[in-house]
Amino acid sequence: MARVLVIGAGYAGVMAANRLAAAGRSDVAVTVVNPRPDFVERVRLHEHAAGGTHAVRPLSGLLHRDVRLRVATVDAIAERSVHLDDGGALAFDHLLYAVGSTAAHTLPGAENAWHVADLDGAEALRTRLRQLPGGARVVVIGGGLTGIETSAEIAYRYPFLDVELVAPAVAAWLPDASRTRIAGKLADAGVVLRTGRRATAVHPDGVATDAGWLPSACTVWAGAFAVPDLARRSGLPVAPDGRLRTDETLVCLDHPRIVGAGDAVAPPRHVAGHLRMSCQAAMPLGAHGADTVLALIRGERPAALSIGMVGQGISLGRRDGFAQATHRDDTPRRFTLSGRAAALVKERVCRFTLSAMRFPRAYRWRSGATPTVPEPTPAAVR
């Protein structure tokens with residue numbers, strides 16, 4: 001019996017566990033270890049924080065019937081077992097590392113900010129927003145997808161609050177026309193844009209920026225993500241940011257029994273340099289990780305990773321949105337969609353993720369353009 005242990009029950013972890021179990025092999029036993037018995041719809045955490053959606057679903061309704069769930073946190077990964085925070089241990093023959101990511105608190109005073117990078121952060125922000133009086137200022141730091149969606153959602157749900165978005169630019173990676181359209185929609189939603197500024201510190205009563213002081217009754221950090229340090233603490237090869245180093249098939253560089261998937265892994269750039277931390281990447285990473293584990297169990301060489309991106313959908317409240325089609329390498333194409341139609345597309349995509357996890361063997365994804373000559377793999381750091 002091949003014992004497969006999946007650490008983490010996010011998009012990548014659930015997809016991987018279900019795809020493994022759905023393969024129908026009686027000689028494979030799958031166990032998922034997760035800190036809570038629930039699946040968190042991370043793509044809806046900005047909605048959850050604003051009070052519009054409950055982004056939590058029982059894992060019992062999502063995991064395959066043959067997958068065992070152990071509610072615990074993995075403290076360390078050993079050669080053939082993991083140690084848990086409840087004092088227990090679980091042995092494995094193959095391990096799938098899918099621990100995800102959370103907020104990267106890179107600013108001084110980050111403890112004074114709320115965030116929506118995980119459920120605890122979204123819950124805390126939800127409580128804080130409900131306590132604010134009319135006219136209170138909410139400052140969202142970050143012009144990426146999280147900052148755009150969070151500021152728009154708060155402005156939509158709390159029209160009596162003054163919502164401001166602080167960032168050097170909004171959607172800086174998109175074409176000028178798309179950025180202009182998004183900025184206009186944020187302004188229509190009631191969000192004041194403080195672009196051209198960079199936050200330098202967060203205080204209990206405001207935000208220091210390189211262009212002056214901004215008072216704030218509630219500051220929301222929507223900047224970069226960080227990954228747990230489990231791989232580093234366990235002596236596994238990691239990138240400088242702590243992500244697990246893998247080869248092009250997602251097998252850990254120094255440990256052939258460990259496979260990575262999701263936000264917390266760093267495959268070679270020639271197959272994954274275009275992948276950003278997102279549900280869109282996590283789902284196929286989880287599916288490919290499961291296929292890699294099954295190939296290892298069969299004694300076969302796993303296939304190289306090949307994932308192509310499709311687009312970027314942005315919700316701007318419940319009735320508005322913006323969608324940017326992309327090439328396989330995630331660079332923008334000319335086609336865009338906005339308004340109610342884009343909001344409906346984004347909602348359908350969010351719902352599709354759940355149905356895809358329930359039917360994992362039928363899940364397919366767009367292939368990427370993989371070069372024939374891979375780039376040299378950087379040396380791993382410990």
Side-chain angles (χ1 to χ4, degrees), residues 4 6-23 30 32 39-43 62-64 67 94-101 145 225 227 243-252 258-296 301-313 323-331 333 345-346 348-371 374:
V4 181
V6 179
I7 305 178
Y11 293 101
V14 172
M15 171 57 79
N18 284 354
R19 195 169 172 99
L20 285 163
V30 183
V32 171
F39 173 77
V40 177
E41 285 190 86
R42 189 166 180 181
V43 294
L62 278 180
L63 288 175
H64 189 281
V67 174
H94 298 277
L95 182 143
L96 198 141
Y97 185 86
V99 298
S101 61
L145 294 178
F225 293 136
V227 300
R243 291 179 299 152
L244 179 74
R245 287 281 193 192
T246 73
D247 65 13
E248 62 182 14
T249 72
L250 296 182
V251 175
C252 178
I258 296 178
V259 174
D263 289 356
V265 299
R269 287 191 57 80
H270 73 277
V271 294
H274 63 294
L275 301 181
R276 49 192 162 81
M277 292 185 180
S278 63
C279 170
Q280 184 178 174
M283 297 280 285
L285 281 167
H288 186 91
D291 292 350
T292 291
V293 171
L294 290 171
L296 295 174
R301 174 167 176 77
L305 183 69
S306 180
I307 297 174
M309 303 298 268
V310 176
Q312 299 175 13
Q324 174 78 57
T326 66
H327 297 285
R328 295 172 192 264
D329 63 357
D330 207 32
T331 56
R333 298 173 62 187
V345 168
K346 178 63 183 288
R348 286 183 176 273
V349 169
C350 291
R351 294 183 182 184
F352 168 76
T353 61
L354 298 178
S355 61
M357 287 188 287
R358 292 190 176 101
F359 301 97
R361 298 308 296 178
Y363 177 68
R364 298 291 184 271
W365 60 94
R366 191 183 191 191
S367 62
T370 304

Do side-chain atoms of [X] reach the backbone of [Y] as a donor and acceptor pair under 3.5 angstrom?
X: Gln324; Y: Gly311; result: no
X: Thr249; Y: Ala303; result: no
X: His288; Y: Ala261; result: no
X: Arg243; Y: Ala264; result: no
X: Glu248; Y: Pro268; result: no

[X] side, atom [atom1]; [Y] side, atom [atom2] - distance, nearest 0.5 Å:
X: Met309; Y: Thr331; atom1: CE; atom2: OG1; answer: 11.0 Å
X: Cys279; Y: Met15; atom1: SG; atom2: CE; answer: 9.0 Å
X: Tyr11; Y: Thr353; atom1: OH; atom2: OG1; answer: 5.0 Å
X: Ile258; Y: Arg245; atom1: CD1; atom2: CZ; answer: 16.0 Å
X: Leu250; Y: Leu96; atom1: CG; atom2: CG; answer: 8.5 Å
X: Glu41; Y: Leu62; atom1: CD; atom2: CG; answer: 8.0 Å

- Sub-4.5 Å side-chain heavy-atom contact between Val259 and Val265: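 Counting from C-beta outward, Val259 and Val265 never come under 4.5 Å.
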- Report yes if some heavy atom in the side chain of Phe39 is under 4.5 Å from a heavy atom in the side chain of Leu63; otherwise report no. no
- Item | Member of Leu20, Val4, Val14, Val30 meeting the side-chain contact (heavy atoms from CB on, under 4.5 Å) criterion with Val67 | Val30
- Query: Which heavy atom of Tyr97 sits nearest a heavy atom of Leu95, and at what distance?
  - Reply: N-CD2, 3.8 Å
Listed pairs under 3.5 Å, donor-acceptor, residues 357-365 side chains, sequence neighbours left out:
unit_1 : atom_1 : unit_2 : atom_2 : d
Arg361 : NH1    : Arg19  : O      : 3.2
Arg364 : NH1    : Arg361 : O      : 2.9
Trp365 : NE1    : Ser306 : O      : 3.1

- State which residues pass salt bridge (charged side-chain N to carboxylate O under 4.0 Å, His left out) with Asp330; sequence neighbours excluded, sorted by chain then number.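 Asp330 satisfies salt bridge (charged side-chain N to carboxylate O under 4.0 Å, His left out) with Arg276 only.
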